[in-house]
Amino acid sequence: MVKAIRIHEHGGPEVLTWEDVQVPDPKEGEIKLKQKAVGLNFLDVYMRRGEQNLAPPLPYIPGMEGAGVVTAVGPGVTSCKVGDVVAYASAEVGSYAQERILPADLAVPVPSSVDPVDAAAAIFKGLTAHVLIHKGFKVEPGHTILVHAAAGGVGSLVCQWANAIGATVIGTVSTKEKAEQAKEDGCHHVILYKEENFVDRVMEITSGKGLEVVYDSVGKDTFNGSLACLKNRGYMVLFGTASGVPEPLRVEQIAPKSLYYTFSSITEYTVENRKELLVAAQDLFSNIAKGVLRIRLNHKYPLSQATQAHIDLESRKTSGSVVLIPDEE
């Protein structure tokens, strides 16, 4: 028996219970992990509340990302072996546990140059950042981009990565403290959206030309303004709906400037696309090892304190990346 967090009913953080669970032997195509760290994602909160379409049937062990050591492999597994350090990020829940079973195809190797705890903190957000800047819209030198929630876990990585590519990065944040962080993470211009109209500031910064792309995880509250910031044939890339789902897009909103609208998700890498998953993960870990990307691992909690971690996350007392450590009780 090992310890894990389970959810028996949807609700607030108090529904997260600390329990004994039995972890079986891995079956065909599966591996067993002793986890080093588990990433905390706001999707976990949505699922816990019952607000996310991806939420599995009750009861379940939450969590979609982590890193650990392979302790057993099932029949047919050739992608890793016992003793390997791997990380994973997917819609397949079960990471809030000291040990877990995982499909081997979802696990990617963690190089020795990257701490497993950093890998757990970075894998979901980092793969998301990778798909945003390479596939949602391919950022190139000379582009001017807008990143909402620039001090958030994904936003921080997008800003750093795009800056390294050679783009001009504009970020929106809520506080002066977060503005300083965004500048450290590569934002050339930071907009305090509670004090300034971000559309007006973007047009001022770009001399009225607008942007190649907006990366928007906020959704309803920023969506129309984001569209207004784009230049002709600009890209609106949505990857979250923190403020709610935007109203249905009307043709007249995109037709005058021939705008493109897309939603980017790491499921593009993790659903029957292992080759691209490995390429993206290698790119992510390589940039972490070289110092191009800095993981802002601001908060660590013992796994047994997942309830408090969720309380702090929902009240915005945490920023950057948050991890749960399974071996600490």
Side-chain angles (χ1 to χ4, degrees), residues 42 125-175 178-179 181-183 185-266 268:
F42 218 93
K125 300 172 184 66
L127 290 179
T128 301
H130 191 277
V131 75
L132 288 172
I133 64 176
H134 290 288
K135 295 198 169 187
F137 173 82
K138 186 171 178 56
V139 176
E140 297 179 351
H143 285 161
T144 302
I145 76 172
L146 176 64
V147 182
H148 286 299
V154 176
S156 169
L157 293 175
V158 171
C159 292
Q160 293 178 60
W161 221 327
N163 180 291
I165 290 171
T168 297
V169 182
I170 305 171
T172 67
V173 297
S174 59
T175 67
K178 290 181 178 180
Q181 176 187 314
K183 291 177 183 177
D185 288 341
C187 279
H188 300 88
H189 307 274
V190 181
I191 300 170
L192 291 166
Y193 67 83
K194 291 184 178 181
E195 300 178 10
E196 306 171 278
N197 181 297
F198 76 84
V199 178
D200 292 343
R201 282 288 293 125
V202 165
M203 300 312 288
E204 179 183 348
I205 292 167
T206 62
S207 301
K209 297 177 181 178
L211 308 159
E212 272 81 14
V213 61
V214 176
Y215 293 113
D216 193 336
S217 61
V218 179
K220 185 176 181 180
D221 289 352
T222 54
F223 189 80
N224 289 336
S226 295
L227 289 176
C229 291
L230 293 170
K231 62 171 52 175
N232 288 351
R233 297 185 298 280
Y235 276 70
M236 174 68 186
V237 182
L238 194 69
F239 66 101
T241 55
S243 67
V245 177
E247 295 295 325
L249 189 66
R250 303 186 310 276
V251 171
E252 58 266 29
Q253 291 178 272
I254 61 174
K257 293 194 288 186
S258 299
L259 301 179
Y260 295 90
Y261 173 37
T262 185
F263 191 102
S264 290
S265 167
I266 67 164
E268 182 175 341

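As the structure is a prediction and not an experimental result, all values here were calculated from the model. Counting begins at 1 with the first residue of the sequence.
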- Message: Is there a side-chain contact (heavy atoms from CB on, under 4.5 Å) between L146 and F198? Walk through the geometry before answering.
- Response: CA-CA 10 Å; L146 176 64; F198 76 84; 4.1 Å; yes
- Could you tell me which non-hydrogen atom of W161 sits nearest to which non-hydrogen atom of A129, and how far apart they are? CE3-CB, 4.0 Å
- Mind checking the NZ-CG spacing from K209 to N232? Nearest 0.5 Å is all I need. 13.0 Å
- Measure the spacing between CG of D216 and CZ of F263 and express it to the nearest 0.5 Å. 10.0 Å
- Query: Which distance, rounded to the nearest 0.5 Å, do you find between the OG of S264 and the NE2 of H134?
  - Reply: 12.0 Å
- Note on the structure: When rounded to the nearest 0.5 Å, the distance separating OG1 of T144 from NE2 of H188 is 9.5 Å
- Could you name each residue pair satisfying salt bridge (charged side-chain N to carboxylate O under 4.0 Å, His left out) that touches residues 230-242, not counting sequence neighbours? E212-K231
- Heavy-atom nearest pair, V237 first then L132, reads CG1-CD2, 3.6 Å
- Inter-residue atom distance Y261.OH - L230.CG, 0.5 Å rounding: 12.0 Å
- Between F137 and H143, how do the two ring planes meet: parallel, tilted or perpendicular, split at 30° and 60°? tilted
- Of all heavy-atom pairs between Y193 and S174, which one has the smallest distance, and what is that distance? OH-CB, 3.4 Å
- Message: Let's go through V173 and L192 carefully: what are the C-alpha distance in whole Å and the side-chain angles of both, what is the deciding distance for side-chain contact (heavy atoms from CB on, under 4.5 Å) to 0.1 Å, and is it a yes or a no?
- Response: CA-CA 5 Å; V173 297; L192 291 166; 3.8 Å; yes
- Item | Pairs meeting criterion salt bridge (charged side-chain N to carboxylate O under 4.0 Å, His left out) with involvement of residues 240-254, two or more places apart | R250-E252
- Query: Once you round to the nearest 0.5 Å, how far does CD1 of I254 lie from OH of Y260?
  - Reply: 10.0 Å
- Compare all side-chain heavy atoms of L211 with those of I170 and state whether any distance is below 4.5 angstrom. yes
- Query: With a 4.5 Å limit on heavy-atom distance, are the side chains of Q253 and N224 in contact?
  - Reply: yes
- With no hydrogens and no angle check, is any side-chain donor or acceptor of S226 less than 3.5 Å from a backbone partner on V214? no
- S243 and D221: which non-hydrogen atoms are nearest, and at how many Å? OG-N, 2.9 Å
- Taking T206 for the side chain and G210 for the main chain, is one N or O donor matched with an acceptor at less than 3.5 Å? yes
- Query: Below 4.5 Å, heavy atoms only, C-beta onward: do V139 and Y215 meet side chain to side chain?
  - Reply: yes
- Query: Do P246 and L238 come close enough that some side-chain heavy atom pair is under 4.5 Å?
  - Reply: yes
- Message: Counting C-beta onward and ignoring hydrogens, is there a side-chain heavy-atom pair between F223 and L249 closer than 4.5 Å?
- Response: yes
- Given side chains that start at C-beta, do those of I133 and I145 come closer than 4.5 Å, heavy atoms only? no
- Task: Sorted by first residue and then second, give each salt bridge (charged side-chain N to carboxylate O under 4.0 Å, His left out) pair with at least one member in residues 191-201; sequence neighbours left out.
- Result: E196-R201, R201-E204
- Query: Taking all non-hydrogen atoms of both residues, which atom of G171 and which atom of A150 are closest, and how far apart?
  - Reply: CA-CB, 3.8 Å
- Is the closest side-chain heavy-atom distance between P141 and I165 below 4.5 Å? yes
- Query: Can you tell if the side chain of I205 reaches within under 4.5 Å of the side chain of T168, non-hydrogen atoms only?
  - Reply: no
